[in-house]
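Model, not experiment: these values are computed from the prediction.
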Amino acid sequence: MNPQSEFLRIITERGYMHQATNFEGLDEAATEKCLPVYIGFDCTADSLHVGSLVQIMMLRILQQTGHKPIVLMGGGTTKVGDPSGKDSQRPLLSDHEIEKNKDGIRQVFEKYLSFGDGLTDAIMVDNAEWLDELEYIAFLRNYGMHFSINRMLSMDSVKLRLDREQPMSFLEFNYSILQAYDFMELRRRYGCVLQMGGSDQWGNIVTGVDLTRRVDGQEVFGLTSPLITTASGAKMGKSAQGAIWLNKDKLPVWDFWQFWRNTEDGDVGRFLRLFTELPLDEIARLEALEGNEINDAKIILANEATSLCHSKEEALEAAATAAQAFGGGGSAEGLPEVSVSSPEMSFIDALNTAGLVASNGEARRLIRGGGARLNDAQVKDEALMLTAADFNDQGKAKLSSGKKRHVLLNLE
């Protein structure tokens with residue numbers, strides 16, 4: 001592929017490109033005019049996590065190259081639940097919960113996109129505007145004939161669930177139909193000609209392209225990004241402590257920064273291309289670093305990704321905190337804090353309270369392996385009890401798991 005449009009050239013060069021329904025036609029359209037383009041996000045939580053960051057960055061690049069992002073909130077489809085990649089039906093949320101989640105998600109996009117009334121300004125819409133008003137019989141008569149059950153059964157989101165002999169409700173089975181209708185409705189309302197999403201959405205996207213052609217006689221396009229996994233095969237966006245949320249009220253900035261700082265060596269170049277805006281020649285230089293020098297590239301990755309999601313000031317503060325923590329020397333103000341009401345507790349309980357381990361057994365293994373520290377001193381005694389003497393004048397005690405994970409216990 002040798003795209004002529006700036007948008008497709010950049011997403012191809014930086015690794016966002018996986019599949020497209022008509023790459024040449026899309027490239028020609030993107031060269032000629034401003035394209036309204038959408039990605040949908042269901043409101044299943046009050047924040048998005050790093051697993052959604054590829055799509056968010058694609059919308060950012062889209063806007064920077066002269067096109068119009070449409071952020072589609074799934075206020076309607078969240079009531080159904082996307083079966084893609086799931087072994088069971090998602091929990092059904094109330095209207096109040098969905099609205100609360102929408103408010104949290106909106107805060108994420110305000111960091112990455114410019115919203116307004118201009119030609120390339122992003123807009124945010126909710127598919128509940130039209131899905132909540134659908135009349136079931138009329139909808140089936142008008143659009144049901146355009147969907148093949150045979151084809152729907154062959155879609156990955158359905159087929160994989162059935163192959164694993166996991167039940168799928170008729171409610172979930174309708175999800176791809178509603179997503180296809182979203183695409184057609186967005187073309188009618190806003191002139192949207194492209195839907196983007198992760199590779200797991202390919203079947204749903206193609207269904208929308210096909211429905212729009214059949215019903216409205218209009219060509220629209222679909223484009224997907226690859227599934228992002230780490231070099232070791234882990235799913236992107238998860239850590240031992242859970243999801244890496246993009247809202248700092250869900251995950252402290254320090255933890256977000258530290259997630260990127262802990263990137264595996266083999267992922268540094270790829271993540272710099274996907275999650276920062278550094279020039280490609282600078283990225284090539286950084287990913288060529290070897291030995292301990294690769295850690296410099298990881299710090300740059302952490303700083304750049306955190307600056308985009310939060311702010312440059314908060315990224316630098318997290319970097320300074322890390323430098324202090326990794327270098328030892330006390331409590332290191334700025335680390336994540338967990339409040340405790342009494343200094344009297346076992347060290348194993350303290351590790352659990354701080355979230356540095358998931359169980360007492362894991363705590364004991366950490367101690368036996370030499371990775372547990374209290375105020376930068378290695379702990380070897382599994383029966384160690386904390387006392388008031390372990391807390392400094394500010395009422396803080398520093399717990400560490402290995403060299404990279406630190407939490408302050410804050411005595412209230």
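Of the charged side-chain nitrogens involved, none lies within less than 4.0 Å of a carboxylate oxygen, so that Glu287 and Arg270 do not count as a salt-bridged pair. Note on Arg9 versus Asp27: no salt bridge recorded, every NZ/NE/NH1/NH2 to OD/OE distance being 4.0 Å or above. Taking the charged nitrogens against the carboxylate oxygens, Asp210 and Arg213 do have a contact shorter than 4.0 Å, which makes a salt bridge. The pair Glu13-Arg273 fails the salt-bridge criterion, with no side-chain N (NZ, NE, NH1 or NH2) lying under 4.0 Å from an Asp/Glu carboxylate O. By the 4.0 Å N-to-carboxylate-O rule, Lys79 lies close enough to Asp132 to be salt-bridged with it.
Neither side chain, Asp182 nor Gln179, offers a donor N or O lying under 3.5 Å from an acceptor on the other. Side-chain atoms of Asp267 and Thr230 form no donor-acceptor pair, as typed in the model, at a separation below 3.5 Å. For the residue pair Gln55/Ser225, the side-chain donor-acceptor check at 3.5 Å is satisfied. With 3.5 Å as the limit, one finds no donor-acceptor pair spanning the side chains of Asp255 and Trp245. Counting only N and O atoms by type, the side chains of Gln258 and Asn262 include a donor and acceptor under 3.5 Å apart. Counting only N and O atoms by type, the side chains of Glu412 and Ser339 include a donor and acceptor under 3.5 Å apart.
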Criterion side chain to side chain contact (heavy atoms under 4.5 Å, CB included) on Val340 and Asn410, from CA distance to verdict: CA-CA 6 Å; Val340 294; Asn410 184 24; over 6 Å; no
Candidate pair Tyr38 and Tyr190, rule ring-ring contact (aromatic ring centres under 6.0 Å, His included), full reasoning: CA-CA 10 Å; Tyr38 99 94; Tyr190 304 103; over 10 Å; no
Asn375 vs Asp390, side chain to side chain donor-acceptor pair (under 3.5 Å): CA-CA, chis, key distance, verdict: CA-CA 8 Å; Asn375 296 326; Asp390 294 309; 4.9 Å; no
Derivation and outcome, side chain to side chain donor-acceptor pair (under 3.5 Å), residues Glu28 and Thr31: CA-CA 5 Å; Glu28 181 179 353; Thr31 304; over 6 Å; no
One pair to check against side chain to side chain contact (heavy atoms under 4.5 Å, CB included): Tyr181 and Leu134. What are the steps and the verdict? CA-CA 11 Å; Tyr181 185 81; Leu134 287 178; 3.7 Å; yes
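Taken from CG in Leu301 to CG in Asp296, the straight-line distance is 12.5 Å, to the nearest 0.5 Å. Here the CZ atom belonging to Arg214 is positioned 10.5 Å from the OG1 atom belonging to Thr207, to the nearest 0.5 angstrom. The CG atom of Leu59 lies 10.0 Å from the CD1 atom of Ile70; values are rounded to the nearest 0.5 Å. Here the straight-line distance linking atom CD of Gln201 with atom OG1 of Thr224 works out to 10.0 Å at 0.5 Å rounding. The line from CD1 of Ile39 to CD of Gln195 is 8.5 Å long, rounded to the nearest 0.5 Å. Here the straight-line distance linking atom OG of Ser346 with atom CG of Leu386 works out to 8.0 Å at 0.5 Å rounding.
When the ring-ring contact (aromatic ring centres under 6.0 Å, His included) test is applied to Phe275, the partners found at least two apart in sequence or on another chain are Trp260, Phe271. Residues passing the ring-ring contact (aromatic ring centres under 6.0 Å, His included) test with His310 are Phe256, sequence neighbours excluded. In this view, Glu282 and Arg285 satisfy the salt bridge (Lys or Arg N to Asp or Glu O under 4.0 Å) rule, not counting sequence neighbours. For the ring-ring contact (aromatic ring centres under 6.0 Å, His included) test, no residue two or more places apart in sequence or in another chain qualifies with Phe221. Judged as a salt bridge (Lys or Arg N to Asp or Glu O under 4.0 Å), and not counting sequence neighbours, the contacts of Glu129 are Arg189. For Glu110, there are no salt bridge (Lys or Arg N to Asp or Glu O under 4.0 Å) partners two or more places apart in sequence or in a different chain. Contacts of Phe109 classified as ring-ring contact (aromatic ring centres under 6.0 Å, His included), with partners at least two apart in sequence or in another chain: Phe41.
The side-chain hydrogen bond (donor to acceptor under 3.5 Å, both in side chains) analysis of residues 64-76, with sequence neighbours excluded, yields the pairs Gln64-Glu277. Residue pairs meeting the ring pair (Phe, Tyr, Trp, His ring centres under 6.0 Å) criterion with at least one member in residues 3-37, sequence neighbours excluded, do not occur. Every pair passing salt bridge (charged side-chain N to carboxylate O under 4.0 Å, His left out) that includes a residue from residues 216-228 is listed here, sequence neighbours excluded: Arg187-Asp216, Arg188-Asp216.
Between Pro226 and Gly15, the closest heavy-atom pair is CG-O, 3.7 Å. Contact between Val220 and Cys192 at its shortest, heavy atoms only, is CG1-O, 3.9 Å. Heavy-atom minimum distance, Asp126 versus Gly74: OD1-C, 4.1 Å. The heavy-atom pair separating Asn101 from Thr44 by the smallest distance is ND2-C, 3.5 Å. Trp130 approaches Leu186 most closely through the heavy-atom pair CH2-CD2, 3.7 Å. The two residues Ala397 and Leu374 make their nearest non-hydrogen contact at CB-CD1, 4.4 Å.
No more than 12 heavy atoms of other residues, nucleotides or ligands lie within 6.0 Å of NZ in Lys248, so this atom counts as exposed by the packing criterion. In the displayed structure, Lys111 atom NZ is contacted under 6.0 Å by more than 12 heavy atoms of other residues, nucleotides or ligands.
Using a 4.5 Å heavy-atom cutoff, the side chains of Val50 and Leu246 are in contact.
When each of Lys102, Lys100, Arg106 is paired with Asp46, the salt bridge (Lys or Arg N to Asp or Glu O under 4.0 Å) condition holds for Lys100 and for no other. Of the candidates Leu286, Ile283, Thr276, Ile300 forms a side-chain contact (heavy atoms from CB on, under 4.5 Å) with just one, namely Leu286.
A side-chain donor-acceptor contact under 3.5 Å links Gln4 to the backbone of Asn2. Without hydrogens or angle criteria, Glu97 side chain to Ser94 main chain gives a donor-acceptor distance under 3.5 Å. The main-chain N or O of Gly222 is found under 3.5 Å from a side-chain atom of Thr21 such that the two form a donor-acceptor pair. Under the 3.5 Å distance criterion, the side-chain polar atoms of Asn247 are left unmatched by any main-chain donor or acceptor of Lys250. When atom types are taken as modelled, the side chain of Lys396 and the backbone of Leu408 share no donor-acceptor pair closer than 3.5 angstrom.
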Pairs of donor and acceptor atoms involving the side chains of residues 115-123, under 3.5 Å and at least two apart or interchain, shall be tabulated with distances.
{"residue": "Asp121", "atom": "OD2", "partner": "Asp117", "partner atom": "N", "Å": "3.3"}
{"residue": "Asp121", "atom": "OD2", "partner": "Gly118", "partner atom": "N", "Å": "2.8"}

Identify each donor-acceptor pair in which a side-chain atom of residues 362-369 lies under 3.5 Å from a protein atom, sequence neighbours left out, and give them as a table.
{"residue": "Glu362", "atom": "OE1", "partner": "Ala358", "partner atom": "N", "Å": "3.0"}
{"residue": "Arg368", "atom": "NE", "partner": "Glu382", "partner atom": "OE2", "Å": "2.6"}
{"residue": "Arg368", "atom": "NH2", "partner": "Glu382", "partner atom": "OE1", "Å": "3.4"}

